[in-house]
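Note sheet for the following structure.
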Amino acid sequence: MAIPNVKRYRISNPDGTQTATIMAVLPKEADVNAYLSDAAKRFDWKAYADAQARQFKVRVGQQKQKKAK
């Protein structure tokens, strides 16, 4: 079951080389730009980069062998 009023926001690291998507429920009177700048500062960019590298890593020698017909 989904959480109502959740919005996706894209943040980028201070270098501008990476972007990430965060999901948040903000109050109506909240300053979205201030929240996003604070979230980008507190975001763990090193762990995010490591997780992305692990997710798409190709392991040499572990590919499946194709069956010859």
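For D15, the CG atom sits in a packed shell: over 12 heavy atoms of surrounding residues, nucleotides or ligands are nearer than 6.0 Å.
Taking all atoms of both residues into account, the shortest heavy-atom contact from A39 to I22 is CB-CD1, 3.9 Å. Contact record, T19 with Y48: O-OH, 3.4 Å, taken as the closest heavy-atom pair. For A47 against D44, the heavy-atom pair with the smallest separation is CB-OD2, 3.2 Å.
Here CZ of F43 is found 11.5 Å from OG of S12. Values are rounded to the nearest 0.5 Å. The line from OG1 of T17 to CH2 of W45 is 8.0 Å long, rounded to the nearest 0.5 Å.
Between K46 and D50, at least one side-chain nitrogen of the basic residue sits less than 4.0 Å from a carboxylate oxygen of the acidic one, meeting the salt-bridge criterion.
At least one donor-acceptor pair closer than 3.5 Å links the side chain of N13 to the backbone N or O of Q18.
At a threshold of 4.5 Å between side-chain heavy atoms, the hydrophobic network of Ile, Leu, Val, Met, Phe, Trp and Tyr places M23 and I3 in one connected group.
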